[in-house]
Amino acid sequence: MTVKDPICGMEIDPKTAFATREHMGQTYYFCSKNCVDQFDAAPHSFMTSSATTGFNSELPLARIELPIADYPFYKPTDALKNAVRALGGVSQVTANSTTGRVWVEYDPEKVNLYQMAEAIKSAGFHLDGAQTRIGIENLRCASCVTFIENELKATPGVLNASVNIATQEATVDYLPEKTTLFSLNISIESWGYKARLATSDEPVDKQEQAHDREYRRLMNKFWFAAAVSLPVMATAYYQFVPFLNTLGMNTLRILWGVTALLTLPVMFWSGSDFFTGAWAAFTHRSANMNTLIALGTATAWLYSTAAILFPAVFPAGTSEPFYDVVAVVIALVMLGQALELRAKGQSSAAIKKLLGLQAKTARVIRDGQEMDLPVDEVLVGDVIQVHPGEKVPVDGVIVEGSSAVDESMLTGESLPVSKKQGDEVIGATLNKTGAFKFHATKVGKDTALAQIVKMVQDAQNSKAPIARLADIISGYFVPVVMILAVWTFVIWFNWGPQPQLVYALVTSVTVLIIACPCALGLATPMSLMVGIGKGAENGILIRSGEALQTARAIQTVVLDKTGTITKGKPELTDVVISEQSSVSNDEMLRLAAAVETLSEHPLAEAIVEGAKVKGLSLVPPENFEAIPGHGVIAQVEGHRIILGNLKMMQREKISTGNLDEIAEQLADDGKTPMYVSINGQAAGLIAVADTVKEDSAEAIAALQQMGIEVVMITGDNRRTAEAIARKVGIKRVLAEVLPEDKAKNVQLLQADSAGKRGAGVKKIAMVGDGINDAPALVQADVGLAIGTGTDVAIEAADITLIKGSLKGVVTAIEVSRATMTNIYQNLVGAFFYNALGVPVAMGLLFPFFGLLLSPLIAGAAMAFSSVTVVGNANRLRGFKPKFSAK
Amino acid sequence: MTTPQIIVTLNGFALTLLIIWYFWLAPKGQTRAAVSESGTQEVAVTVKGGYTPDVIVVQKGRPVRFTFTRQESSACSEKVLFPDFNQSALLPEGEQVTLEFTPDKPGEYGFQCQMGMLRGKLIVK
């Protein structure tokens, strides 16, 4: 018998094979070293079984690996093994209780996966498959249900399938390693049906589609109402229309009768939303915009119809109809709603932009085969290949290869970050230079991007405290307007000029129509949505409307030093040689860094890193010795190198000469100097320091320019703290603050400001890197965490700056100020619109100027007031922060 | 004052009182959430021009699962918000959307559509 070398395909005798390898339960034989080396490099890619079917046509028996959900096995697996073994066609069953997997060797002709799944279930275990739902278009025949179910069950990798004719969906349990959505769809399509996404899984674009449909629906209704409005207007103002003005009253009355009939479909088709909405609200004992429009138009129609049917009942001159009010108002409000919908669609642009970052497909390696899968199908544990120029599809850890990844979209880090084996990669970031494989750790709604999107959406739907007032007002608004309309009628009827009934009716209808609770209701949420979205676009995640509102009033910003103002990581800053030094700067650094390669101290790391940046090659030291609290000693290339503080030099009795003075100066600058001695001679100093972020000073200056006091808080000693503060232009420093006292200090600042200018006016913001500053972040009125997008989910801060820069604080305050200004404009606008519009509609100006509002103008004003609010909110989209993101 | 004027004025008073009573004073029907076997309080809410039921009574400290079904296409009601719980859900037309959270503190909390035209109340006892 011969076997096939999986690499070169040569038929060889297993006995004389150059090497053998066991992989995934199969034995492979190789003809040469070359072949076995290739196999060892990537055993997965040479496996002979097909990835999609799970069995190898060349083998009489198939092997399959079944994941068991009840892992780890607390109960003995004998029952399970026996149950599977009892099936005809199963030759071998092995269970691994540590991995929760069962291997079955079986004859695919005699037994299928569905039967195995049933057997496992009967033994009291559960198979850990994935479940998906697939929509099936136009599924009508009940008998086809069984056919499709059987077809799906026969598809390799499927554990169970059921089709529901009512929901037109198939629910499929399957082993994701063994099948793909694509092959499931093929099974459905083989019966002549078209598979589509299950309704419940459709993407977010669905909202957009729904909006498009709704827009078309509204516009159809508008066009119909508008078309009817023309003849209705002509007959209403017959005096000004040639030919009509020559007709007698009786002919006109017949014409009006026709318009009465014409306006009926306008009311009950174009305006059906108002009537159904009004009725639904009425049954809930509440009233809203629909109530007002329905009441107004219905009153106008009923009065008009009564007037033309029974003209004799009405006083002279009052028997003319107002069908124009019915048709035109409904047309205008419909148009207004359609425009509002369009404008709303634009307000959610930020979320769309974020979602657009998501990769659509992933190149997944399953059973050694690369396959392109939609990103929704990627599972935790999948190995995914990413080539240069491609997006990383989900979050994970690199298992092979290395590359530079552009993470600017999520972390704000403008330079590509180099990634190697074991490093985390984030979904939606862009792979630049190299190819790598990574192991998916977070998929679907758990990815960093999905969390960010969720957070932004939640915040957009939260409520700013300022909206509570608008809420209270709109709770009483509509009934109050109804009462006002009633009394408008009564007053005009009792004391108005002739014809009183017409005046009374027209004014009360105008009151009902002009009042617009929508503008009030929309004012805050629309601006909030755009504002928070705008923040997200600039790398600022605002947790709620409340945080956004408070951020506007920030008067003092407390900045944590380490990690917030500074990089939070020491860096090599100075290399100084002594007067009597026998070596050059670089040579001293090279020797010292060589010693530090063995030290685990963070300062040592900074020195090694600094030497590497200078391109110095480091040799391993010998006889390494660390003296706690002093420093380290080692032999490098035969030289005895000592590296440490002044105590170390004194201990070794090395005279430091003029170095002490320099060391003192370095310390004054907030740096940590270390003495270097070579062969018993003081060679020089190496200083490291936590350096200030490049843009910290600029951001702090910008904050101060905005009239905000900047305070630095740190646990570091006063000398270092003040050195940093000088560099970035901070005047007030709270140094030597224990971590647990940071919150207390923030509280003191709050009490201090409250005492000065009245509580609640001056808000304190705390900016920290999120972990050790958590209590202070919570204590502050607004806590801003500096963190990368990946830890967003765990941040407890009100605002997260996903770009590591302090400029984000400036932008956050700017976004807040711009949004709150916009909200005030909207609220004031909506409030004044109603506060002025309603009295004018009641006829308040009539006694003085003889001015009355036409119900048609009221309809137009009402329709466009809410469009204006949404439009004003959209103006925020043009907001440009001082420090632009790009 | 003529007779019609007196009638209109009296009607004005009557209507005013009726509006005040109907919209503000009359007690609203409350719906108590049913508790399922798993211990969740279940409420099915239909969204059509309003929330039915719109006053829902639940127990504190026990998860509440709302199942919203929106039976209209009007964009007003496409989102339901529980601002006090920082919860919101998009309600595609004709689909059942569930929203689950646990109210911890007793009190009255509003829920509403995005612009506040449709309103309901969640009473936690």
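Proteins come first, then strands; the chains are lettered A, B, ... in the order of their sequence lines, and each starts at number 1.
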Quiz item: Which bit of Tyr476(A) comes within less than 4.5 Å of chain B, counting heavy atoms only: side chain, backbone, both or neither?
Solution: both

Quiz item: At a heavy-atom separation under 4.5 Å, does Pro4(B) approach chain A through its side chain, its backbone, both, or neither?
Solution: both

Practice problem: Sort out for me which of Val55(B), Thr9(B), Leu15(B) touches chain A most, counting heavy-atom pairs under 4.5 Å. | Solution: Thr9(B)

Quiz item: Given that the side chain runs from C-beta out, which part of Phe13(B) has a heavy atom under 4.5 Å from chain A: side chain, backbone, both or neither?
Solution: both

Quiz prompt | Mutual orientation of the aromatic rings belonging to Phe282(A) and Tyr22(B) [parallel < 30°, tilted 30-60°, perpendicular > 60°] | solution = parallel

Quiz item: Under a 4.5 Å cut-off applied to non-hydrogen side-chain atoms, are Thr2(B) and Asn494(A) in contact?
Solution: no

Quiz item: How many angstroms lie between CG in Asn290(A) and OG in Ser74(B), if you round to the nearest 0.5 Å?
Solution: 7.5 Å

Quiz prompt | Spacing of SG belonging to Cys76(B) relative to CG belonging to Leu522(A), to within rounding of 0.5 Å | solution = 7.5 Å

Exercise. Using non-hydrogen atoms and a 4.5 Å limit, figure out which bit of Gln337(A) sits close to chain B: side chain, backbone, both or neither.
Key: neither

Quiz prompt | Gln59(B), CD atom: more than 12 neighbouring heavy atoms under 6.0 Å | solution = yes

Quiz prompt | Check: Phe23(B) and Met482(A) side chains under 4.5 Å, non-hydrogen atoms | solution = yes

Quiz item: Would you say Phe85(B) has more than 12 foreign heavy atoms packed within less than 6.0 Å of its CZ?
Solution: yes

Practice problem: Please flag which part of Gln112(B) lies under 4.5 Å from any non-hydrogen atom of chain A: side chain, backbone, both or neither. | Solution: side chain

Exercise. Name the region of Leu341(A), side chain, backbone, both or neither, that has any atom closer than 4.5 Å to a heavy atom of chain B.
Key: side chain

Quiz item: Any side-chain heavy atom of Glu214(A) within less than 4.5 Å of one from Glu93(B)?
Solution: no

Self-check item: Glu78(B) side chain reached by His211(A) side chain, heavy atoms, under 4.5 Å
Solution: yes

Quiz item: Crowded around Glu72(B) CD? As in, over 12 foreign heavy atoms under 6.0 Å?
Solution: yes

Practice problem: Determine which pairs satisfy side-chain hydrogen bond (donor to acceptor under 3.5 Å, both in side chains) with at least one residue from residues 276-286 of chain A, sequence neighbours left out, and list them in order. | Solution: His284(A)-Thr52(B)

Quiz item: Among Ser73(B), Gly120(B), Gly12(B), Gly49(B), which residue forms the greatest number of heavy-atom pairs with chain A at distances under 4.5 Å?
Solution: Ser73(B)

Self-check item: Structural part of Leu118(B) lying under 4.5 Å from a heavy atom of chain A
Solution: side chain

Self-check item: Val480(A) portion near chain B, given a 4.5 angstrom heavy-atom threshold
Solution: both

Quiz prompt | Most chain A-contacting option - heavy-atom pairs closer than 4.5 Å, from Val97(B), Asn11(B), Thr16(B) | solution = Thr16(B)

Practice problem: Could you tell me which non-hydrogen atom of Trp24(B) sits nearest to which non-hydrogen atom of Pro479(A), and how far apart they are? | Solution: CZ2-CB, 3.5 Å

Exercise. Against chain B, work out which of Val486(A), Asp273(A), Ile483(A) has the most heavy-atom pairs shorter than 4.5 Å and name it.
Key: Ile483(A)

